[in-house]
There are 2 protein chains.
Amino acid sequence: MTNETHNKAEQDQDGADNSKYVKKKLLAIEAAAKVFADKGFHGATTQDIAAEMGIQQGSLYYYFKSKEQALQEVCEYGFEHYVTRMKKICDKDQPFEAKMLAIVTSHLTNYRSKHSAMKVHNDQRLYLPTERRAKIKKLGSEYRDLLEQVLAEGIEKNVLRANLDTHFIAYSIIGICNSWGSNLVRDDDLDLFDTIEQCSDLILHGTINTTPKM
Amino acid sequence: MTNETHNKAEQDQDGADNSKYVKKKLLAIEAAAKVFADKGFHGATTQDIAAEMGIQQGSLYYYFKSKEQALQEVCEYGFEHYVTRMKKICDKDQPFEAKMLAIVTSHLTNYRSKHSAMKVHNDQRLYLPTERRAKIKKLGSEYRDLLEQVLAEGIEKNVLRANLDTHFIAYSIIGICNSWGSNLVRDDDLDLFDTIEQCSDLILHGTINTTPKM
DNA sequence: CTAACTTTCAATAGATCTATAGAATTTATT
DNA sequence: AATAAATTCTATAGATCTATTGAAAGTTAG
């Protein structure tokens with residue numbers, strides 16, 4: 001009768017398996033991801049998201065306290081898997097080339113198979129106020145650090161050129177992968193494994209012909 | 001007294017030098033570019049753009065018939081220079097490496113020196129309805145074609161590896177450049193020429209150490 | 001100085017869209 | 001079956017925001 005919690009959206013960081021709720025909340029995140037990916041954060045309406053889920057606009061607020069929170073959760077959702085997988089790859093003891101292939105594969109596979117959330121993370125996260133981006137930022141720099149570490153190892157083992165700037169290369173790899181990731185999302189006909197292979201090849205060998213027959 | 005053209009925005013494809021008008025219209029496009037780059041198309045308001053120009057919200061419609069038209073013009077504005085410059089580079093008779101350097105330089109310089117419009121073109125053009133994107137699309141494919149042609153020449157002259165997919169490489173180059181372009185826009189401390197050099201180097205030579213001392 | 005033209009302004013209608021609140025319905029529990 | 005709890009609905013206030021309109025202010029030219 002007083003102010004009980006009528007709104008699940010308020011008590012929302014527990015991992016407790018309210019099974020029913022948790023499952024539909026996930027659907028909500030995925031619906032938001034799809035809609036944000038298509039129309040952009042500001043271009044999308046809560047109505048769009050609700051429609052995607054087959055519920056009424058107002059009902060959406062049972063799952064999200066605000067549209068902004070929805071964006072935040074979509075971004076985190078899209079990015080968490082991705083960083084987790086990266087950690088696993090880096091932990092394994094593998095030759096450099098294999099690691100790099102695994103990294104590119106992980107990155108691009110994530111785009112194709114799973115989430116518009118990846119796209120939303122890339123394109124829309126800057127519309128979040130800084131407070132809401134803290135976790136995402138942390139994940140992002142974790143990811144880059146891991147990647148730079150892999151590159152540093154590669155240099156140490158003499159597989160990579162010694163004069164490389166790992167920071168620069170890390171950003172570039174992420175750039176290429178994101179760019180192709182977007183293409184994969186946009187164009188269903190694009191072959192995933194072909195793309196993976198070509199990206200890796202470009203990153204490793206560049207374009208120059210090193211054995212020119214004269 | 002009937003319906004005369006009170007609105008310049010309606011008669012707007014003439015290159016005639018209404019000097020005063022033309023100059024301020026350019027300021028309008030640049031203001032829109034800045035605001036769209038910061039807040040995104042849907043996140044920006046006509047009020048924001050007007051404020052950036054120091055005029056009232058309603059007055060903006062003297063220069064643009066609609067917010068959407070503003071976006072279209074910003075995208076075209078950002079991209080035209082860019083394609084024009086590309087043509088010049090390709091026409092010149094130069095060795096492959098020089099051409100590639102020039103292309104990367106042109107691309108990144110355009111980001112740093114001139115326009116948020118580049119950013120808007122990249123990030124926001126898909127929010128335009130197809131009709132409004134016709135010109136932009138044409139320019140885009142012109143650009144890619146030119147780039148692919150340069151690459152094909154490189155292969156022919158045996159400077160580049162024969163097994164390259166020019167289409168793929170072209171997209172990748174654009175991807176890397178856009179990615180670093182965004183970084184250049186976001187981070188003023190980033191050195192332009194350093195970035196250019198590193199991008200070119202990566203594209204040409206990749207990362208692998210081709211002369212490993214054992 | 002006056003008339004014609006250009007540019008800006010102020011005010012607003014009409015159309016959103018977010019978020020809230022309380023009722024209605026469905027689902028789970030005793 | 002009766003009660004409690006969870007989920008969804010309807011309706012709406014309040015806050016935008018775009019685009020229009022006609023008047024005001026500024027500029028140019030005769």
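Here is how names work: the chains are called A, B, and so on, in the same order as the sequence lines, proteins then strands, and each is numbered from 1.
At least one donor-acceptor pair under 3.5 Å links the side chain of S200(A) to the backbone N or O of I196(A). In terms of modelled atom types and a separation under 3.5 Å, the side chain of R144(A) and the main chain of I174(A) share no donor-acceptor contact.
Side chain Q57(A) to base dA19(C): a donor-acceptor pair is found below 3.5 Å.
The CE-C1' distance, from M53(A) to dC9(D), rounds to 14 Å in whole Å. We find that CG of L60(B) is positioned 12 Å from P of dT20(D), with the value rounded to whole Å. Between the CD1 atom of I49(A) and the C1' atom of dT18(C) there is a distance of 11 Å, given to the nearest Å. Distance, Q56(B) CD to dT18(D) P: 15 Å, rounded to whole Å. Taking atom CD of residue Q47(B) and atom C1' of nucleotide dC9(C), one finds them 13 Å apart after rounding to whole Å. Rounded to a whole Å, the NE2 atom of H42(A) is 13 Å from the C1' atom of dT16(D). Taking atom CD1 of residue I55(B) and atom P of nucleotide dA10(C), one finds them 12 Å apart after rounding to whole Å. Per the geometry, NZ belonging to K24(B) stands 13 Å off P belonging to dG26(D), to the nearest Å.
Counting only N and O atoms by type, the side chains of N183(A) and Y111(A) include no donor and acceptor under 3.5 Å apart.
The residue S59(B) sits close to a base: some heavy atom pair falls under 4.0 Å. Using a 4.0 Å heavy-atom criterion, one finds that A44(B) contacts the sugar-phosphate atoms exclusively.
Note on ring orientation: taking the six-membered ring where Trp is involved, the planes of Y171(A) and W180(B) are tilted (angle from 30° to 60°).
Looking at K135(B), R133(B), R132(B) one by one, the single match for side chain to side chain donor-acceptor pair (under 3.5 Å) with Q72(B) turns out to be R132(B).
Residue Y63(B) places no side-chain N or O under 4.0 Å from the OP1 or OP2 atom of dT7(C). The side chain of Y61(B) places no N or O atom within less than 4.0 Å of a non-bridging phosphate oxygen (OP1 or OP2) of dT21(D). Taking only side-chain nitrogens and oxygens, K65(B) never comes nearer than 4.0 Å to OP1 or OP2 of dT20(D).
Of the residues near DNA chain C, G58(A) and T45(A), the one whose nearest nucleotide (by heavy atom distance) lies more toward the 5' end is T45(A).
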